[in-house]
**Student:** 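To start, I am sharing the structure in question, which I have written as structure tokens.
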Amino acid sequence: MTLSDPPDTPRRLRHLISLEHLSAAQILHLLDRAERMREQWLADRHALGLLQGRAVVNLFFENSTRTRTSFDLAAKRLGADVINFDIANSSTSKGESLVDTLHTLEAMHCDAFVVRHKENGTAEFLARHVRGSASVVNAGDGNNAHPTQGLLDAFTIRRHRPDFAALRVLICGDILHSRVARSDIHALRTLGVGHLRVCAPANLLPAQDALPGCEIVEDFDAALDGVDVIVMLRLQKERMQQAQVPSEQAYYARYGLDARRLRIARPDCLVMHPGPINREVEIASAVADGAQSCILEQVSNGVFVRMAVLAELLGA
Ligand code: CP
């Protein structure tokens, strides 16, 4: 916060590693900023000059379609230079450590590092090793956190249902391996969602203390009763040591969201999914592509939310 800020402006973030310790004011400030950027971009489709002369590095050690592309677009729409660091062809393959890679890129005056890695805690680790004033954004670490997904999900819900306190939200699927579930829960609890429910087979649920404030319902039909928002999650096989469901068909029969099941929820229930979707594994095509689906809207909103995050962290 500076002397010229209004008194209710929350403290500016330097890094975005998790939503766990953000206040409602900090989250709402980012959502409001994303809303203004959305309006401005859709009105004239001109890059804002807020990050002119700044450089943003995408450091993705795990695959990504949505997050990487939207950070790339977000930085460009703010006028920044963007480096999509090519891990496979970089000197990390010659044994250069993560920290030495970070310091090398910092020496080139890079201002922000957007980091995705399979190991929990990687973004936080890099944030602790930054030497200068650069910012680190966690673009997903293991099953720990995906804060910009949590923000864009909250942003998407608020565009349709602004009264968080009145909402019943269900998150269904492979909660155990899902960093999205954790970040959604942190965001939605902090924003005061009235009722948060999770649904998964028992072996795909973390311990209850990892699901603060959530009702756990194992039967999917029962869990759907009366909900306003459903967030479906895929089976994250890349994080499983061995198969944890008997078969995809058996999983779909118990936990797949199809048209019959969707009718158990409220008639105007929003259907969300962070992607990538696996059709007829956790969600039917008719539902993913149906009138209640917000899945592609989540993707669009992700760019505006990431613009807001980059502008905020870089003090623009
Ligand atoms: N939702 C999400 O993180 O998608 P990607 O893995 O494609 O980035």
Side-chain angles (χ1 to χ4, degrees), residues 19 27-28 31 34-35 38 66 146 149-175 178 180-201 204-205 211-235 251-302 304-305:
L19 300 180
I27 294 177
L28 290 170
L31 303 192
E35 196 64 61
R38 179 181 180 277
R66 280 145 286 271
H146 194 349
Q149 183 74 46
L151 291 171
L152 78 89
D153 287 350
F155 181 88
T156 303
I157 292 171
R158 189 176 73 159
R159 298 204 90 255
H160 293 269
R161 307 273 187 275
D163 182 4
F164 284 114
L167 286 185
R168 285 174 168 259
V169 178
L170 169 65
I171 304 176
C172 177
D174 179 5
I175 313 273
S178 177
V180 174
R182 277 168 189 70
S183 290
D184 278 0
I185 289 167
H186 287 143
L188 297 176
R189 278 193 81 209
T190 303
L191 293 171
V193 161
H195 193 117
L196 262 175
R197 193 178 280 169
V198 297
C199 175
L204 293 178
L205 273 173
L211 299 168
C214 295
E215 180 194 12
I216 299 171
V217 180
E218 210 179 314
D219 181 76
F220 191 21
D221 284 20
L224 283 160
D225 188 34
V227 298
D228 304 284
V229 179
I230 310 168
V231 179
M232 294 302 296
L233 301 171
R234 73 186 168 89
L235 293 169
Y251 179 80
Y252 183 64
R254 284 197 67 188
Y255 293 100
L257 183 62
D258 58 15
R260 178 194 72 76
R261 286 203 166 110
L262 184 55
R263 285 194 291 275
I264 303 172
R266 291 180 62 87
D268 56 355
C269 179
L270 307 177
V271 175
M272 300 176 62
H273 192 309
I277 62 173
N278 291 128
R279 292 168 183 267
E280 277 67 46
V281 178
E282 74 274 0
I283 190 164
S285 282
V287 174
D289 303 328
Q292 289 167 252
S293 172
C294 296
I295 296 171
L296 292 179
E297 188 186 330
Q298 288 171 265
V299 177
S300 304
N301 291 338
F304 305 116
V305 165

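Because the structure is predicted, anything quoted here is derived from the model rather than measured. We're numbering straight along the sequence, starting at 1. Only this structure's heavy atoms are used, side chains among them; waters, hydrogens and symmetry mates stay out.
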**Student:** Considering residues at least two apart in sequence or located in another chain, which fulfil the side-chain hydrogen bond (donor to acceptor under 3.5 Å, both in side chains) criterion with Asp289?
**Tutor:**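 Result, side-chain hydrogen bond (donor to acceptor under 3.5 Å, both in side chains) vs Asp289: Arg279.
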
**Student:** Locate the shortest heavy-atom distance separating Ala284 from Glu280; write the atom from each residue and the value.
**Tutor:**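 Taking every non-hydrogen atom into account, CA-OE2, 3.3 Å.
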
**Student:** Tell me, please, which residues at least two apart from Glu218 pass side-chain hydrogen bond (donor to acceptor under 3.5 Å, both in side chains).
**Tutor:**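 Testing Glu218 for side-chain hydrogen bond (donor to acceptor under 3.5 Å, both in side chains), a comparison that skips the adjacent residues, returns none.
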
**Student:** Hey, does Val169 have a side-chain heavy atom less than 4.5 Å from the side chain of Val227?
**Tutor:**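 With C-beta onward as the side chain, the pair stays apart.
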
**Student:** Under the criterion side chain to side chain contact (heavy atoms under 4.5 Å, CB included), I'd like the reasoning laid out for Ile264 against Phe220: C-alpha separation, chi angles, the key distance, then a yes or no.
**Tutor:** CA-CA 10 Å; Ile264 303 172; Phe220 191 21; over 6 Å; no

**Student:** For the atom pair OH (Tyr255) and CE (Met232), what is the distance rounded to the nearest 0.5 Å?
**Tutor:**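 One finds 11.0 Å between OH of Tyr255 and CE of Met232.
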
**Student:** If you look at every heavy atom in Ile157 and Phe164, which pair is closest and at what distance?
**Tutor:**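 Smallest heavy-atom distance, with atoms named: CG2-CE2, 4.0 Å.
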
**Student:** Measure the spacing between CD of Gln149 and OG1 of Thr156 and express it to the nearest 0.5 Å.
**Tutor:**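 Rounded to the nearest 0.5 Å, the CD-OG1 separation comes to 8.5 Å.
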
**Student:** Donor-acceptor pair, Ser183 side chain versus Gly150 backbone, under 3.5 Å?
**Tutor:**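 No.
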
**Student:** What are the two closest heavy atoms between Tyr251 and Asp174, and how far apart are they?
**Tutor:**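 So the two residues come closest at OH-N, 4.0 Å.
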
**Student:** So Leu170 and Cys199, do their side chains get closer than 4.5 Å, heavy atoms only?
**Tutor:**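 In contact.
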
**Student:** Between Arg158 and Leu191, does a side chain to side chain contact (heavy atoms under 4.5 Å, CB included) hold up when you go through it step by step?
**Tutor:** CA-CA 10 Å; Arg158 189 176 73 159; Leu191 293 171; over 6 Å; no

**Student:** Between Arg159 and Phe155, is there a donor-acceptor pair closer than 3.5 Å when you use the side chain of the first and the backbone of the second?
**Tutor:**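 Not confirmed, Arg159 side chain does not pair with Phe155 backbone.
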
**Student:** Within the 3.5 Å criterion, strictly below it, is a donor on His273 or Gln298 matched to an acceptor on the partner's side chain?
**Tutor:**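 Absent: no donor and acceptor within the cut-off.
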
**Student:** Would you say that Ile277 contacts Glu282 through its side chain, given a criterion of any heavy-atom pair below 4.5 Å between the two side chains?
**Tutor:**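 Yes; the side chains approach each other to less than 4.5 Å.
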
**Student:** My understanding is that only residues two or more places apart in sequence, or in another chain, count here; which of them pass salt bridge (charged side-chain N to carboxylate O under 4.0 Å, His left out) with Arg189?
**Tutor:**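 Scan of Arg189 (salt bridge (charged side-chain N to carboxylate O under 4.0 Å, His left out), adjacent residues dropped) gives none.
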
**Student:** Verify salt bridge (Lys or Arg N to Asp or Glu O under 4.0 Å) between Arg260 and Asp221, making sure each step is shown before the conclusion.
**Tutor:** CA-CA 10 Å; Arg260 178 194 72 76; Asp221 284 20; 3.1 Å; yes

**Student:** Would a 4.5 Å heavy-atom cut-off, applied to side chains only, mark Ile171 and Val180 as touching?
**Tutor:**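 When only atoms from C-beta onward are counted, Val180 and Ile171 do not touch, as no gap falls below 4.5 Å.
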
**Student:** Which atoms form the tightest heavy-atom contact between Ala187 and Leu19, and what is the distance?
**Tutor:**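 Where Ala187 meets Leu19 most closely, the heavy atoms are CB-CD1, 3.7 Å.
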
**Student:** Between Asp153 and Met272, is any pair of side-chain heavy atoms under 4.5 Å apart?
**Tutor:**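 SC-SC contact between Asp153 and Met272 confirmed.
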
**Student:** Okay, side chain of Gln292, backbone of Cys269: is any donor-acceptor separation there less than 3.5 Å?
**Tutor:**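 Yes: the side chain of Gln292 pairs with the backbone of Cys269.
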
**Student:** Specify the closest pair of heavy atoms between Ala200 and Gly173, including all atoms of both residues, with the distance to one decimal.
**Tutor:**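 Shortest heavy-atom contact: CB-O, 3.0 Å.
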
**Student:** If you define the side chain from C-beta out and look only at heavy atoms, does anything of Pro201 sit under 4.5 Å from Arg254?
**Tutor:**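 The answer is no; the side chains never approach within 4.5 Å.
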
**Student:** Do the non-hydrogen side-chain atoms of Leu270 and Val231 ever get within less than 4.5 Å of each other?
**Tutor:**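 Sidechains of Val231 and Leu270: no contact.
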
**Student:** Closer than 3.5 angstrom, by distance alone: can the side chain of Asp258 be matched with the main-chain N or O of Arg261 as a donor-acceptor pair?
**Tutor:**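 Yes, the answer is positive, given that a donor and an acceptor are paired below the 3.5 Å cut-off.
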
**Student:** In Å and rounded to the nearest 0.5 Å, what is the NE2 to CG distance from His186 to Leu151?
**Tutor:**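 One finds 12.5 Å between NE2 of His186 and CG of Leu151.
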
**Student:** Any salt bridge linking Arg161 with Asp268? Criterion: basic side-chain nitrogen under 4.0 Å from a carboxylate oxygen.
**Tutor:**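 Salt bridge between Arg161 and Asp268, a charged N being under 4.0 Å from a carboxylate O: yes.
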
**Student:** Out of Leu233, Asp184, Leu211, which one pairs with Val198 under the side-chain contact (heavy atoms from CB on, under 4.5 Å) rule?
**Tutor:**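 With Val198 as partner, Leu233, Asp184, Leu211 yield a single side-chain contact (heavy atoms from CB on, under 4.5 Å), made by Leu211.
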
**Student:** Hey, what do you get for CG (Leu31) to CG (Asn301), rounding to the nearest 0.5 Å?
**Tutor:**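 Going from CG on Leu31 over to CG on Asn301, the span is 10.5 Å.
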
**Student:** Please report the C-alpha distance between Arg266 and Asp228 in whole Å, then the side-chain angles of each, then the deciding distance to 0.1 Å, and finally whether the salt bridge (Lys or Arg N to Asp or Glu O under 4.0 Å) criterion is met.
**Tutor:** CA-CA 6 Å; Arg266 291 180 62 87; Asp228 304 284; 3.0 Å; yes

**Student:** For Ile230 and Leu224, what are the C-alpha separation, side-chain angles and deciding distance, and is it a side chain to side chain contact (heavy atoms under 4.5 Å, CB included)?
**Tutor:** CA-CA 8 Å; Ile230 310 168; Leu224 283 160; 3.4 Å; yes

**Student:** Salt bridge or not between Glu215 and Arg197? Use side-chain N to carboxylate O under 4.0 Å.
**Tutor:**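 So Glu215 pairs with Arg197 through a salt bridge.
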
**Student:** Within the structure provided, determine whether Val271 and Ile283 are in side-chain contact (heavy-atom separation under 4.5 Å).
**Tutor:**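 Counting from C-beta outward, Val271 and Ile283 do come under 4.5 Å.
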
